There are 2 protein chains.
Amino acid sequence: MKNVAALAGVGIKTVSRVINGEPNVSAVTTARVRAAADSLDFHPDLHARNLRRADGRSSTLGLLVGSVGNPFSGAMHRAIEDLANTRGVAVFASSLDDDPDREEVAVSAFLRRRVDGLILTTVSKSQGYLLPELRRGTPLVFVDREPAGVEADVVVSDNAAGAAAATRHLLSSGHRRIAFLGDRTDIQTAQERRRGFLEELGRAGVATADIPVITGLHDEDAANRALIALLESEHPPTAVFSSQNLITIGAVRGLRELGLHRTIALVGFDDVPLADLLEPGITVVAQNPSEIGRLAAERIFARLDGDRSAGRTYVVPTELITRGSGEMRPK
Amino acid sequence: MKNVAALAGVGIKTVSRVINGEPNVSAVTTARVRAAADSLDFHPDLHARNLRRADGRSSTLGLLVGSVGNPFSGAMHRAIEDLANTRGVAVFASSLDDDPDREEVAVSAFLRRRVDGLILTTVSKSQGYLLPELRRGTPLVFVDREPAGVEADVVVSDNAAGAAAATRHLLSSGHRRIAFLGDRTDIQTAQERRRGFLEELGRAGVATADIPVITGLHDEDAANRALIALLESEHPPTAVFSSQNLITIGAVRGLRELGLHRTIALVGFDDVPLADLLEPGITVVAQNPSEIGRLAAERIFARLDGDRSAGRTYVVPTELITRGSGEMRPK
DNA sequence: TCCGGTTCTGACATCGATGTCACAGTTTGG
DNA sequence: CCAAACTGTGACATCGATGTCAGAACCGGA
């Protein structure tokens with residue numbers, strides 16, 4: 001900026017005025033400054049500006065997700081970006097791989113960069129470490145999973161209700177022996193989905209004692225192996241509820257390997273790409289990651305705009321999409 | 001930092017020394033400063049540091065992709081993030097939706113934030129506007145598509161060779177009338193793939209005059225409709241080469257709608273999730289987005305570490321994965 | 001005891017911008 | 001015609017950190 005000022009033969013403050021469109025600069029001066037800035041390819045330093053500015057905003061958001069490589073996170077990220085873009089806010093994203101140790105490190109990296117707000121998919125046991133930051137006024141929104149030990153805005157899918165709907169769907173086709181394939185139990189949504197599943201069975205009067213409930217599956221392979229073992233056991237289920245997309249894919253592979261994909265019913269939680277082109281198509285309870293992202297960003301910006309209301313939980317509904325795999329009746 | 005210094009009863013420079021692990025601070029003072037910093041939940045301001053620091057690095061990278069919601073970009077993003085993480089560098093990502101107007105705006109937003117390097121998927125006609133930045137020493141890596149008017153590192157898939165391999169594969173099954181479904185011709189990779197396709201036909205001595213070459217398809221729907229029109233025409237092709245993943249999906253849907261998915265051969269460029277579970281499985285020429293991302297990040301950091309060699313183009317090989325759809329012979 | 005060399009520490013300028021304020025020159029209104 | 005108000009401009013402090021430098025306290029050796 002100093003260089004621009006020197007080249008234009010004006011004071012740096014006048015350059016600042018031109019760059020920021022402040023009034024009271026003559027047309028001639030403005031033109032001279034513009035020309036100088038262009039010829040030097042000048043881009044104002046947002047961080048330096050932020051340092052002095054009254055509101056101290058960095059026009060930056062931090063996003064913590066499972067992995068930026070996963071479609072659910074990607075869709076959320078995109079929705080957040082779209083809203084942030086309209087305000088000139090840039091988004092940092094960081095992948096956690098559901099590893100609690102990385103959570104606090106990643107948050108700290110964002111805080112050091114003075115993000116205006118944080119949108120996070122929780123992994124660790126407690127988010128108490130965020131309390132000082134919350135008190136400092138940094139808007140916080142938890143997405144996909146509910147936090148522990150912090151009161152803030154939360155945007156989640158209706159996990160229990162979605163799981164219940166999936167279960168009800170299988171029950172209504174006459175299934176009674178429905179296997180549950182679940183993710184690691186330290187993941188909050190995994191618990192919720194299991195709860196929804198079991199409660200729905202309870203409501204239907206199905207004894208849950210000998211229902212196969214398998215948890216701790218965190219990838220395709222584990223799900224695949226678990227399902228095969230189950231189907232080869234003495235009392236195989238007639239239907240399967242796979243409570244996460246990778247698990248669903250693992251389950252589909254397992255069913256195909258045993259040639260049972262037209263025999264055993266399957267409903268998955270979370271949509272899977274191309275699920276409609278498989279034979280049979282995979283029936284799923286779909287989440288709405290774009291809507292989750294959009295809402296989260298909306299909350300952040302509302303807080304930045306001065307909303308001081310108490311933290312609220314926003315529940316985004318899930319949708320049962322029937323495609324064939326979930327409508328087969330028990331043999 | 002001033003507050004920490006006051007609370008610990010030392011000068012701010014001493015706090016700076018403790019935070020940065022500089023030598024010559026007594027154990028007692030260090031402990032006092034640490035305690036004060038903890039009790040105030042102090043996070044040093046990276047931007048302020050960056051302002052004064054000799055190297056002027058912001059520990060930040062800018063990434064421009066098609067869309068953070070698309071799996072190809074996601075995989076690339078993830079690989080870049082993983083490498084960046086090992087150096088404490090955070091990554092900004094921005095989606096362009098292949099819209100040239102957004103490119104320069106997004107780059108400018110990154111430049112204002114003083115990113116240490118830029119990794120970009122080019123959309124606009126010319127990247128000449130980046131020359132001043134390049135001269136200034138900001139490392140630039142172009143990924144997926146080659147730039148125009150700028151000499152820098154480039155990491156791309158072997159588009160022409162991949163397309164040629166796909167074409168060869170179809171030719172070897174006896175197909176002669178192979179349709180080409182392509183993306184917008186202003187996208188550089190789309191051109192390359194078309195070139196690879198046509199050249200391979202030429203090498204095989206197939207007259208390209210009456211080969212259906214359709215371009216300008218940018219989404220599933222357009223591809224779907226184009227293929228259906230083609231198959232219902234007077235001289236339908238016996239095989240299809242769909243040169244991009246959304247086009248492949250649209251083509252698969254088209255074939256199914258007409259009941260021709262076991263009759264017309266199909267090879268796609270770019271892998272598609274769950275392609276192996278379809279019937280028939282989709283034969284594709286797969287790219288390696290993780291490797292592209294990894295290489296790009298590696299180049300950026302090499303430049304930051306002082307590599308001054310001339311810009312080079314790195315070509316990441318593609319891989320033909322046969323799954324059924326590409327191995328059907330013409331009827 | 002005194003000297004030179006460490007070790008520890010803080011005052012101050014600085015990075016690139018903005019906020020405040022003072023000041024000169026130009027209008028405007030009575 | 002002069003005071004008041006407005007317009008256009010730049011000097012300087014400031015944001016939160018680090019780099020420089022100088023000074024105080026302490027050390028060991030002659």
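In what follows, every heavy atom counts, from backbone to side chain, and hydrogens, waters and symmetry copies are set aside. Naming: A, B, ... by sequence-line order, numbering from 1 per chain. Just so we're clear, the structure is a prediction, and the values are computed from it rather than from any experiment.
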- Message: Using a 4.0 Å heavy-atom cut-off to protein, can you give one letter per nucleotide of nucleotides 11-18 of chain D, 5' to 3': B if the base is in contact, S if only the sugar-phosphate is, - if neither?
- Response: B-BBBBSB
- How long is the span from the OG atom in S58(A) to the CG atom in D45(B), to the nearest 0.5 Å? 9.0 Å
- Message: Check this for me: does any side-chain nitrogen of one of R34(A) and D38(A) sit under 4.0 Å from a carboxylate oxygen of the other?
- Response: no
- Note on the structure: side-chain contact (heavy atoms from CB on, under 4.5 Å) test vs F42(A) passes for just one of N3(A), I19(A), L7(A), namely I19(A)
- Query: According to a strict under-4.0 Å criterion, is T29(B) in side-chain N/O contact with OP1 or OP2 of dC8(C)?
  - Reply: no
- Distance check: side-chain N/O of T14(A) vs OP1/OP2 of dT9(D), anything under 4.0 Å? no
- Message: With a 3.5 Å distance limit and no angle check, can you tell me whether N50(A) reaches the backbone of L46(A) through a side-chain donor-acceptor pair?
- Response: no
- Query: What integer distance in Å separates N24(B):CG from dT20(D):C1'?
  - Reply: 15 Å
- Atom pair OG1 (T122(B)) and CD (E146(B)), whose distance is rounded to the nearest 0.5 Å: 9.5 Å
